[in-house]
Each structure stands twice: as C-alpha cells, then as structure tokens.
Trainee: 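Sharing a structure here in structure tokens format.
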2 protein chains.
Amino acid sequence: MTEEFMIGELAKRTDCKVQTIRYYEQIGVMPPAVRAHNNRRMYRKSHIERLMFIRHSRALGFALDDIRDLLALSDQPDHTCAEVDKIAKNNLENIQKKIKVLSIMEKEMQRMIFQCHGEKVSECLIITALADHAIAEKIKMTASEKHDATSNNQMR
Amino acid sequence: MTEEFMIGELAKRTDCKVQTIRYYEQIGVMPPAVRAHNNRRMYRKSHIERLMFIRHSRALGFALDDIRDLLALSDQPDHTCAEVDKIAKNNLENIQKKIKVLSIMEKEMQRMIFQCHGEKVSECLIITALADHAIAEKIKMTASEKHDATSNNQMR
DNA sequence: CTTGCTCCTACAGTCACTATAGCATGTATA
DNA sequence: TATACATGCTATAGTGACTGTAGGAGCAAG
C-alpha cells in the first residue's frame, strides 16, 4: 500500500519544478524513476527525502557534483564522515570568499554612490570612478584562485 | 603618430584575455575594431580606456547589459546622471542581497560543521542536517524575488 | 467530442566567459 | 631558404544549474 505519485505531485511536495526534477535525473543526482505502463515517472516517499536533501544542499550553496558525493556517502553508514566534513568545509570556504569579494564591492559601490552629487553625466563621479584605475585591484587580490562553480546560485 | 597595436597588446595592457575582448566586440560593449590590411584588429589608447571601464565595472559586479548602458550614458556628457545613479544603486542592492543570502549560508554551514563530531556517516550531523527540513526556508525568504543575472561573476 | 490538464522527449536559451579546431600570417632562427 | 614558433583570424562547443518552449500523447470531465 505504499503510496505512489507522479512528477507533478513530487514537484509540489518539494517545491521544486518538474523540469528541475527531470534534470536531476538526467545528470544522475536523482535515480532513474520507475515508469508506469504509460511511461510516466512514478515516485514514493523515499524520493521526496532524496530530493529534499538535494534542495537543502543547494540552498546551502553546495554544487551538484558535491551533492552527488554527499548522497553517495550518506548511503554508506559505516564510512568515516571525514569526507563529508571536507566537502562541507570547502563549501564554507567558498561562501566566505564570496562574502569577502562582495563586501569589497559593496563598500566601493557605497563610496561611489555617496560621493556623486553631480547632475550631469560630465560631473558624475560614478562614471569617473569606473573609468579610473586601482579599484578592481583589491577585488582581484581577494578573488583570484581557481574558477568557482558555486557562484551560480539562483533560488528562484 | 597615434600608436596602434593589435589585440594581444590590448589584452596585456588591460589584463584581459584576447577571447574576452573579441567576445565584448561581438556583443557590442566594445566597438567593432578597425581592421588592418591583413584583417587584424587595430587598437589605440581610447580602446584601453573603454576596456578598463568595462573591467572595472565587471569587477564591481555590474552586468554587461548595465555596462552597455553606462557606456552609452558616459558618451552623453549633458545627460542627467540620474540613470547612472539608478543603475549603480540597483547594483548595490543586488550585492547586498547576495551578501545576506551568503551570510545565512555561512552561519548555517558553521553551525553544521561545529556540531558534527561523529566518526561514522551514520552519526554525521552534517548529513542529518541536510536531510532535515526548515533550513532552506530562511534562505528562500531572503533570496526570492526575480532571477538575478549578476550572481555569475568569476574574476579569473 | 472537445476542452483542459498533466505527462513525455528533445532541444534552445541564460550569463560571462573559456577552450578548442583549423587555418592564415608574420617574424626569428638554423 | 626552410622551418619553427608566435600570434592572429573565424566558428563552434563547453561551463553550471537550471528554465523555457515545441510538439506530441494520455486521460478525465463536461
């Protein structure tokens, strides 16, 4: 008597778009769904839990690649949680780097906006500041290091 | 006797990749370059300035669409700088929103990492927290609102 | 029997680049 | 002069995490 439902229902219960669920299946973070006779994906409770795990992890900034690893680890209860710890700490570091970069941007933007009281573009200190040098340098210093994939989080 | 140089030189002087310059030309934030007899793009000082403007703006989080507008405005010295101000303030708001979201992520991640002292995945509080509800909600509250394009800034 | 809803696949678009393939041109060295 | 290497060109695909669309099938209610 285990309750079964289709993708639209799963989407509703997890507050996740239907397309996103199909995408998760495609890239292998959700398991391939069992199909009904009419080719429709059928789900049960366990799928809600897995999808929730994914959505929570995404909301905390984890990349889907990391989430795949976290899910694999969570299926091995006797494994050390050292790797989980490592992934989590790495995510925290990424978040903190982004905050640093954004804080510099914020200050610089506030300074620029505060300074400008011109009325014409020719007197606009925002424009002059952007044309000027030396601002970008600070950010480059802080940002640099490898390309970061997680910067791309849009939560609707 | 105005000095002319090719794209590689412009790239060096602005610390910007050759491909990126060609991309900027393609999408119209850099003007179409004058070509030499051998079809190579030729630049002068003014191009350095324009490209610097673009790079500084990017470093401050402006989207290329906004930069296009800022450049257009900066070419009209008699125009009000109200629009510049608006674009800048909007950018600042976006930055601040991102900082808010990331700060919540940071706190939550710190709490999770701090709490977990398990040795096995089965006891791992990071995994349990991710499986659990209610975390993502806070972030959703703060984040929501329209899709934001600027989250995607990788500065090498 | 039509309307409307959900489901399916497959593919294009987003943003700001980055990388690659395959070719032409230009300069420096053997 | 031959060769190697650097740089330039175009065109196209890939990145991450989705979102949107086209075009079709299935199913229940009116």
Trainee: Does D:dA17 have OP1 or OP2 under 4.0 Å away from a side-chain N or O of A:Thr20?
Mentor: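 No, outside the criterion.
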Trainee: Between A:Asp75 and A:Arg50 (salt bridge meaning N to carboxylate O under 4.0 Å), is one present in this structure?
Mentor: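 So A:Asp75 pairs with A:Arg50 through a salt bridge.
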Trainee: May I have the distance from A:Ile21 (atom CD1) to D:dA17 (atom C1'), rounded to whole angstrom?
Mentor: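 One finds 15 Å between C1' of D:dA17 and CD1 of A:Ile21, rounded.
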Trainee: Whole angstrom is fine here: how far is it from NE2 in A:His37 over to P in C:dC8?
Mentor: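 Result: 13 Å.
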Trainee: In a table with atom names and distances, give each donor-acceptor pair under 3.5 Å that connects a side chain of residues 18-25 of chain B to protein atoms at least two apart or in another chain.
Mentor:
from, atom 1, to, atom 2, distance (Å)
B:Tyr24, OH, B:Arg55, NH1, 2.6
B:Glu25, OE1, B:Arg41, NE, 2.9

Trainee: Angle, rounded to 10°, between the helical axes spanning five pairs at each terminus of the helix from C:dC1-D:dG30 to C:dA30-D:dT1?
Mentor: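 For the helix from C:dC1-D:dG30 to C:dA30-D:dT1, the axes at either end differ by 30°.
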Trainee: Ignoring hydrogens and angles, write down the donor-acceptor pairs under 3.5 Å from the side chains of residues 33-40 of chain B, residues two or more places apart or on other chains.
Mentor:
from, atom 1, to, atom 2, distance (Å)
B:Arg35, NH1, B:Asn39, O, 2.8
B:Arg35, NH1, B:Asn39, OD1, 3.3
B:Asn38, OD1, B:Arg40, N, 3.4

Trainee: Transitively linked via ILVMFWY side-chain contacts under 4.5 Å: A:Leu73 with B:Leu125?
Mentor: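 Shared cluster, no.
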Trainee: Rounded to the nearest angstrom, tell me the gap between atom CG in B:Asp65 and atom C1' in C:dA16.
Mentor: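 Atom-to-atom, B:Asp65 to C:dA16, this comes out as 11 Å.
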Trainee: Nearest whole Å is fine: how far is C:dC7 C1' from A:Glu25 CD?
Mentor: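 After rounding, the reported distance stands at 13 Å.
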Trainee: Using links of under 4.5 Å between side-chain heavy atoms of ILVMFWY residues, direct or through other members, which residues join A:Met6 in one cluster?
Mentor: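 Reading the cluster by chain and number, A:Met6 sits alongside A:Met42.
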Trainee: Let's go through B:Ile99 and B:Ile95 carefully: what are the C-alpha distance in whole Å and the side-chain angles of both, what is the deciding distance for side chain to side chain contact (heavy atoms under 4.5 Å, CB included) to 0.1 Å, and is it a yes or a no?
Mentor: CA-CA 6 Å; B:Ile99 292 176; B:Ile95 292 168; 3.9 Å; yes
Trainee: What is the separation between atom CG on A:Leu64 and atom C1' on D:dT15, rounded to the nearest whole Å?
Mentor: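 Taking atom C1' of D:dT15 as the reference, CG of A:Leu64 is at 13 Å.
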Trainee: In whole Å, I'd like the distance from the CG atom of A:Leu51 to the C1' atom of D:dA17.
Mentor: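 Rounding to the nearest Å, CG of A:Leu51 and C1' of D:dA17 are 14 Å apart.
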Trainee: In the structure I gave you, are the side-chain heavy atoms of A:Val121 and B:Thr80 within less than 4.5 Å of one another anywhere?
Mentor: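 Counting from C-beta outward, A:Val121 and B:Thr80 never come under 4.5 Å.
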Trainee: Inspect the contact between A:Arg111 and A:Glu108 and indicate whether a charged nitrogen and a carboxylate oxygen are less than 4.0 angstrom apart.
Mentor: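 So A:Glu108 pairs with A:Arg111 through a salt bridge.
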Trainee: With a cutoff of under 4.5 Å between side-chain heavy atoms, which Ile, Leu, Val, Met, Phe, Trp and Tyr residues group with B:Phe114?
Mentor: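 In the cluster with B:Phe114 there is nothing else; it is isolated.
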Trainee: From CZ of B:Arg58 over to P of C:dC15, roughly how many Å is that when rounded to an integer?
Mentor: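 From B:Arg58 CZ to C:dC15 P: 12 Å.
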Trainee: Does C:dA16 have OP1 or OP2 under 4.0 Å away from a side-chain N or O of B:Lys17?
Mentor: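 For C:dA16, OP1/OP2 do not have a side-chain N/O of B:Lys17 under 4.0 Å.
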Trainee: According to a strict under-4.0 Å criterion, is A:Tyr23 in side-chain N/O contact with OP1 or OP2 of D:dG16?
Mentor: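 No, outside the criterion.
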Trainee: Encode nucleotides 7-12 of chain D as B, S and - characters from 5' to 3', where the letter depends on protein heavy atoms closer than 4.0 Å: B to the base, S only to sugar-phosphate, - to neither.
Mentor: BSBB--
Trainee: How many Å lie between CG on B:Asp15 and P on C:dT18, as a whole number?
Mentor: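 Spelled out: CG on B:Asp15 to P on C:dT18 is 11 Å.
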